[in-house]
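If you read the sequence from its start, that first residue is 1, and numbering goes on from there.
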Amino acid sequence: KASTGWKPIDEIFELEAPTTPKTPLLAKENQVSKDLQPLAQEARKYKSAEEFVNDNFVKVFHGTDSLSKETIETSGRLKPNTFLTTEQAEAEAYAGNIFTGEGFSRKSNVIESYVPKNQLSPSSARRMSPPGGPFTGQNYTTKAETPLLTKSQLTDLWERANKKKW
């Protein structure tokens with residue numbers, strides 16, 4: 001079965017070597033795990049999950065080939081220096097122009113994720129320019145290995161940190 005890229009928030013971070021069991025992000029006993037206490041503490045400063053997500057994360061897209069997309073989604077992580085853009089169309093254009101060794105792939109493979117603002121560096125990489133004009137979204141690279149996060153996972157974290165979900 002193909003991976004959808006979505007993982008329960010309890011499985012996002014591996015805090016030890018990959019050969020050891022994963023450490024859950026959210027404890028099962030009505031609390032946030034010890035390793036996420038700093039993020040949970042930050043979440044408690046906000047009156048809503050929407051505000052928490054908007055102030056701390058950037059919704060980004062990564063265009064790639066199908067093999068790399070599968071690898072990224074299976075691992076649940078973006079590697080350091082992964083190119084990201086805030087404009088889905090730019091990621092789509094890039095993904096549609098991947099050279100595979102046998103020619104250019106035409107299948108679009110775009111990954112959407114929410115990345116902590118402090119894990120992004122502005123990118124000066126050459127941008128793609130479609131026939132309709134240049135893209136205008138922000139481009140970034142990841143500073144370190146970064147988990148793939150969905151808005152629903154971040155909302156879940158906020159709700160648990162604020163004891164609104166149990």
Side-chain angles (χ1 to χ4, degrees), residues 1-18 22-26 32-33 35-43 45-46 48-98 105 107-128 130 135-162 165:
K1 182 178 175 185
S3 170
T4 62
W6 185 90
K7 292 184 177 189
I9 199 158
D10 295 356
E11 297 178 14
I12 293 173
F13 289 109
E14 279 186 7
L15 300 174
E16 300 174 12
K22 293 181 181 180
T23 302
L25 281 179
L26 301 175
V32 177
S33 71
D35 300 313
L36 272 192
Q37 287 300 322
L39 189 55
Q41 186 174 4
E42 183 67 21
K45 296 177 185 176
Y46 294 89
S48 71
E50 189 76 24
E51 185 181 359
F52 167 65
V53 172
N54 291 340
D55 283 1
N56 293 286
F57 298 87
V58 177
K59 180 180 179 179
V60 292
F61 302 92
H62 174 67
T64 190
D65 61 82
S66 59
L67 181 59
S68 294
K69 181 181 180 191
E70 184 177 334
T71 301
I72 291 168
E73 289 179 337
T74 300
S75 74
R77 300 178 167 284
L78 295 168
K79 291 182 178 182
N81 300 312
T82 298
F83 179 81
L84 305 165
T85 181
T86 58
E87 193 166 347
Q88 184 174 0
E90 185 169 8
E92 294 277 352
Y94 181 79
N97 290 303
I98 301 289
S105 78
K107 183 176 180 188
S108 177
N109 294 290
V110 174
I111 296 168
E112 176 184 321
S113 184
Y114 285 77
V115 175
K117 289 179 179 179
N118 65 0
Q119 290 298 313
L120 295 171
S121 295
S123 174
S124 59
R126 185 172 165 264
R127 301 184 72 150
M128 301 199 58
F135 291 112
T136 58
Q138 280 285 8
N139 289 341
Y140 301 99
T141 56
T142 52
K143 292 180 182 178
E145 187 173 70
T146 306
L148 292 176
L149 297 168
T150 65
K151 189 170 186 177
S152 72
Q153 288 169 323
L154 294 170
T155 299
D156 188 45
L157 172 65
W158 181 88
E159 289 172 347
R160 290 180 186 219
N162 288 283
K165 183 176 182 179

Residue list, side chain to side chain contact (heavy atoms under 4.5 Å, CB included) with Ser48, at least two apart or on another chain: Glu50, Glu51
For the student: nearest non-hydrogen atoms of Pro147 and Ser113, plus distance: O-OG, 3.9 Å
Atom of Pro80, atom of Glu145 and distance for their closest heavy-atom approach: CG-N, 3.6 Å
Student check: side-chain heavy atoms of Phe52 and Leu39 closer than 4.5 Å: yes
Within-4.5 Å side-chain heavy-atom neighbours: Tyr140 and Val115: no
Heavy-atom closest contact (Arg77 atom, Leu148 atom, distance): N-CG, 4.1 Å
Contact summary for Ala49 and Thr155, nearest pair of heavy atoms: CB-CG2, 3.8 Å
Separation between OG1 of Thr86 and CZ of Phe61, rounded to the nearest 0.5 Å: 8.0 Å
Side chain to side chain contact (heavy atoms under 4.5 Å, CB included) against Thr82, all qualifying residues, sequence neighbours excluded: His62, Leu78, Lys79, Leu84, Thr142
CG-NZ distance between Asn54 and Lys59, expressed to the nearest 0.5 angstrom: 10.5 Å
Approximate separation, where rounding is to 0.5 Å, of Phe57 CZ and Lys151 NZ: 12.0 Å
Contacts of type salt bridge (Lys or Arg N to Asp or Glu O under 4.0 Å), residue Lys45, not counting sequence neighbours: Glu42
Side chain Thr146, main chain Ala144, donor-acceptor under 3.5 Å: yes
Minimum heavy-atom distance Glu90-Asn139, with the two atoms named: OE1-OD1, 3.3 Å
Any donor-acceptor pair under 3.5 Å from Lys143 side chain to Asn118 backbone: yes
Main-chain N/O of Thr150 paired with Gln153 side-chain donor or acceptor, under 3.5 Å: yes
Test applied, side-chain contact (heavy atoms from CB on, under 4.5 Å); reference residue, Val53; option that passes from Val58, Leu149, Leu154: Leu154
Exam field: side chain Glu87 to backbone Thr136, donor-acceptor pair closer than 3.5 Å: yes
